Enquirer: 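Here it is, the structure in full.
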Amino acid sequence: MGADLSRCASVFLPFYPCPPYPSVVKSFPVLPHKQIELKLQAAVRAVLPDADVSAVLVRPCPDPKFGDYQSNALMSLAKQRKLNPRQLATDTLAKLDVNEWCETVEIAGAGFLNFRLKVSVLTQTLEAAARGEHLFFDKASQSKTVVVDFSSPNVAKPMHVGHIRSTGIGDALQRTLRLLGHRVISDNHIGDWGTQFGMLICGYKHLLDVAAFKRSPVDELVRLYKKITEQIQKEESEAETAAWAKNPNDIAVDIEARDVGSKTVNECRYELVLLQRGWPENVAIWKEMIALSQKQFDAIYGRLGVKFDVTLGESFYNPWLGEVVASLLARGIARESEGAVGVFSDGALPPKEDPFLVNRDGEWVADPALVRKSDGGFNYMTTDLATIDYRLKTWAPDEIVYVVDDRQGPHFKKLFIAFTRWQPDAAGKVKLVHVGFGKILGDDGRPFKTRSGDTVKLGDLLDEAEERAFKIVSEKNPELPEAQRREIARVIGLGAVKYADLLPNRQSDYIFNWDKMLALQGNTAPYLQYAYARIKSIFRKLENPESRIQNPELKPAAPEELALARHLLNFGITLEAVAEELRPNYLCNYLYDLASHFSRFFENCPVLKADDAATRDSRLALCDLTARVLKQGLETLGIETVEQM
RNA sequence: GCGCUCGUAGCUCAGUUGGAUAGAGCAACUGCCUUCUAAGCAGUCGGUCGUGGGUUCGACUCCCGCCGAGCGCGCCA
């Protein structure tokens, strides 16, 4: 890769289509809690003109007996300023006029403000939603551009269970951000470059089973990789044994012998060099491997309904890597050490927080981020630096989000600091975020494998999920035609798997369990889908479905109706929290609560057989709104719904 | 050794700027299908939030010590 393509990256950038900026119509917030919040912030400013009111928030009450919404911001504000919290609350209340939306505001406890929504406001908000004016969330007041980097499988390897987390979380995040009106570029940074291609090409040239390769290319590549690895190990240990026999007293000899003793290792290195220098035969083989792997990735993404705006693998950045290292050297960010080039600590941070230092036996020693190996090859740190540079120049994002395993935390810490030192101005304009997640473990607490010790392929997992769901669907609804049962099973099975992965806090490891992952009871996707299907069933039994919900009047009166209605209004708060903290599980829990509220309503409040027409129409409208939020919420998690199940 | 993450009910996990009596699912037990889908609802049982201190009007949440688990720590990604 000798050509100097890289003096000014932007000149050479190929064109990749990416989503346009969404048109954001700035309007008054549709949700009452937001309007109360704005009023409250104004009141606080009136009392404390220099206060930062961005943390003055209005949240749902944990217990309805306190009211609908609360703010506890005044207590922390009072604490910071050593004021009496109740006095501050009283003063703020004097400046606060929320009569338009609330009953009398109460000061409670140490200084909580409790707001109780007027039923008329609740009703108006619901009716506006029923007319299609909103769905309980506001678009972001400021649209951001966010690059979401997720999934990133490796070429020549099958996607396995380990990929669900990055893929599922990343997809849910991109969907959430888009829903809130942000401009998202989802990028699949696939692993299509690296030393393993030396081995793969070597295997391809000598050991390829053409028929097997045609049948299942990735499986054959995995076999080749294993075969070559075994061969190398065998040759190395033979060389080592021979060397020991010859020279039993020389401790160093075995290491050297291993290194030069394997014919295959040298062949692999040679093939890698040929590839790196652009030898046509090797490049063609490499490209074929990528194309065939991509086909398999696409099959999985198709099933999962995951879409990427761009797929720019590691190799895409090859032309810039030399320039990156040269630039780092020129600016004194990196230096040479033992033949390699690395970014070292600049001493700006205390040793404990400095990712470029590591403590060994009480001494802080250098732990550099290598950007060029002593053999001249580049490291993934180099690629990642080039990638940030490219993304900034191409899309000018406000944020780049990496949905990657927590174990790579130290790498990202180094990467972000290295980039900031390299390009301080550019770095100041972007927020770089590592969205880490825990491991999937087996029952034994060790990384999850099949009984035979292999990793579980993602495709097999999805098959199993659909199969299990099909059995249940067939038990529950034997009268449905098979094609429909298959389709229901597909939606239920995939939904169960995705939801089970999104529900736990992403940071924690979780123990994989088939029954749990494919469970169809309790806090699971099928429970939410079931609530949706029950609503749809009501509408199927209605004579004139559309005519009844054109411009309905909402009269929530029963406790179950009111609780359901109030919960609908919290959809937006939840979506914002997901986008802010990049945690899709908040949405899972919101939707589970929504479905629970609906189930209670469904048990206690007859809809079609309501006492009078007005109540029936009001309840129908409430059902319709619940269905719309459930569908939208599930869709935002990447989960489909069915009309009947 | 050093660093990071974590430790909440028998099991698997939530717990939204530090906030009001710590929640759910599974498992166990008890009721509810001639009324819109029982993949459901109602209820019982079950926790000194690893442990000992500290900060605070208030701590599962923040700080420190200890115990226990997992992960990471120069030329793989």
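All values below were derived from every heavy atom in this structure, side-chain atoms included, with hydrogens, water molecules and symmetry-related copies excluded. As the structure is a computational prediction, the values presented were derived from the model and not from experiment. Here is the naming used below: chain letters follow the sequence lines, and residue numbers restart at 1 for every chain.
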Enquirer: Tell me which nucleotide among A77(B), G74(B), C2(B) gets nearest to the side chain of Asn359(A).
Expert: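 Selected nucleotide: C2(B).
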Enquirer: So, is Tyr527(A) near the phosphate of C41(B), with a side-chain N or O under 4.0 Å from OP1 or OP2?
Expert: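 Yes.
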Enquirer: Using a distance-only criterion (donor-acceptor N/O pair, under 3.5 Å, no hydrogens), is the base of G18(B) paired with the side chain of Lys79(A)?
Expert: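 Check passes, donor-acceptor contact within cut-off.
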Enquirer: When you measure from the side chain of Arg86(A) to the backbone of Gly109(A), do you find a donor-acceptor pair of N or O atoms at a distance under 3.5 Å?
Expert: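 Here the side-chain-to-backbone pair exists.
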Enquirer: Side chain of Ala110(A), heavy atoms from C-beta onward: which of G74(B), C57(B), U12(B) has the nearest atom to it?
Expert: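 So the nucleotide nearest the side chain must be C57(B).
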Enquirer: Sticking with atom C1', work out how far C32(B) lies from A14(B), rounded to a whole angstrom.
Expert: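 Comparing C1' positions in C32(B) and A14(B) gives a spacing of 29 Å.
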Enquirer: Check this one for me: any side-chain N or O of Lys65(A) less than 4.0 Å away from OP1 or OP2 of U21(B)?
Expert: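 Negative; the distance criterion is not met.
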Enquirer: Please determine, for the side chain of Lys373(A), which listed nucleotide (C75(B), C36(B), G19(B)) has the closest atom?
Expert: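 Comparing C75(B), C36(B), G19(B) against the side chain of Lys373(A), the answer is C75(B).
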Enquirer: What integer distance in Å separates Asn589(A):CG from U12(B):C1'?
Expert: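 So the CG-C1' distance, Asn589(A) to U12(B), works out to 14 Å.
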Enquirer: Return the nearest nucleotide to the side chain of Arg360(A); candidates are C75(B), G15(B), C73(B).
Expert: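 The answer is C73(B).
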Enquirer: For nucleotides U56(B) and A20(B), find the distance between their C1' atoms and express it as a whole number of Å.
Expert: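 Taking atom C1' in both U56(B) and A20(B), they lie 16 Å apart.
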Enquirer: Using the ring of each side chain (for Trp, its six-membered ring), is Phe571(A) parallel, tilted or perpendicular to Phe137(A), with breaks at 30° and 60°?
Expert: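 Phe571(A) vs Phe137(A) ring planes: perpendicular.
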Enquirer: Which nucleotide in the set C2(B), G25(B), C75(B) lies at the smallest distance from any side-chain heavy atom of Trp364(A)?
Expert: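 Minimum distance to the Trp364(A) side chain belongs to C2(B).
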Enquirer: Look at the side chain of Leu370(A) and decide which nucleotide, out of C75(B), A14(B), G72(B), has an atom nearest to it.
Expert: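 Nearest nucleotide to the side chain: C75(B).
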Enquirer: For Phe598(A), is the NZ or CZ atom of Arg534(A) found under 6.0 angstrom from the centre of its six-membered ring and inside 45 degrees of the ring axis?
Expert: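 No cation-pi geometry.
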Enquirer: Would you check if the distance from the ring center of Phe112(A) to the ring center of Phe66(A) is below 6.0 Å?
Expert: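 Ring-ring flag for Phe112(A)/Phe66(A): false, centres at least 6.0 Å apart.
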Enquirer: Counting side-chain heavy atoms from C-beta on, which of C36(B), A14(B), C13(B) comes nearest to Pro606(A)?
Expert: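 Of C36(B), A14(B), C13(B), C36(B) is nearest to the side chain of Pro606(A).
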Enquirer: Could a donor-acceptor pair under 3.5 angstrom be found where the side chain of Asp593(A) meets the base of A14(B)?
Expert: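 Side chain to base: no pair below 3.5 Å.
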Enquirer: Given G15(B), is OP1 or OP2 found less than 4.0 Å from the side-chain N or O atoms of Asn505(A)?
Expert: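 True: Asn505(A) side-chain N/O within range (under 4.0 Å) of G15(B) OP1/OP2.
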Enquirer: Counting only side-chain nitrogens and oxygens, does Lys476(A) get under 4.0 Å of the OP1 or OP2 atom of A39(B)?
Expert: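 Answer yes for this pair, as a side-chain N or O of Lys476(A) is under 4.0 Å from OP1 or OP2.
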Enquirer: Name the closest nucleotide to the Pro368(A) side chain, picking from U37(B), C75(B), G74(B).
Expert: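 Closest nucleotide among those given: G74(B).
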Enquirer: For C33(B), decide between syn and anti, treating a glycosidic angle within 90° of 0 as syn.
Expert: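 This nucleotide is in syn.
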Enquirer: Can you measure Asp515(A) atom CG to C11(B) atom P for me and round it to whole angstrom units?
Expert: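 For the pair Asp515(A) CG and C11(B) P, the rounded distance is 18 Å.
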Enquirer: Determine whether a donor-acceptor pair (one donor, one acceptor, N or O, separation below 3.5 Å) exists between the side chain of Glu314(A) and the base of A77(B).
Expert: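 It does not, because no donor-acceptor pair links the side chain of Glu314(A) to the base of A77(B) below 3.5 Å.
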Enquirer: Expressed as a whole number of angstroms, how long is the span from Tyr225(A):OH to C76(B):P?
Expert: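 Rounding to the nearest Å, OH of Tyr225(A) and P of C76(B) are 12 Å apart.
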Enquirer: Stacking check: are the rings of Phe112(A) and G19(B) less than 5.5 Å apart at their centres and under 30 degrees in tilt?
Expert: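 By the stated criterion, Phe112(A) and G19(B) do not stack.
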Enquirer: Side chain of Arg600(A) only, heavy atoms from C-beta on: which candidate in C36(B), A42(B), G74(B) is closest?
Expert: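 Side chain of Arg600(A) sits closest to A42(B).
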Enquirer: Just compare G70(B), A39(B), C13(B) and give me whichever is closest to any side-chain atom of Pro526(A).
Expert: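 Nearest nucleotide to the side chain: A39(B).
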Enquirer: Which of these passes side chain to side chain donor-acceptor pair (under 3.5 Å) with Lys439(A): Asp405(A), Asp509(A), Asp406(A)?
Expert: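 The passing option is Asp509(A).
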Enquirer: For C60(B), give the paired nucleotide (Watson-Crick: N1-N3 plus N6-O4 or O6-N4; G-U: N1-O2 and O6-N3; both under 3.5 Å), or none.
Expert: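 WC or wobble partner does not exist here.
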Enquirer: Is there a donor and acceptor pair closer than 3.5 Å between the side chain of Tyr530(A) and the base of A39(B)?
Expert: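 Side chain to base: no pair present.
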Enquirer: Please state how far atom OH in Tyr499(A) lies from atom P in C13(B), giving the value in whole angstrom units.
Expert: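 About 16 Å, once rounded to whole Å.
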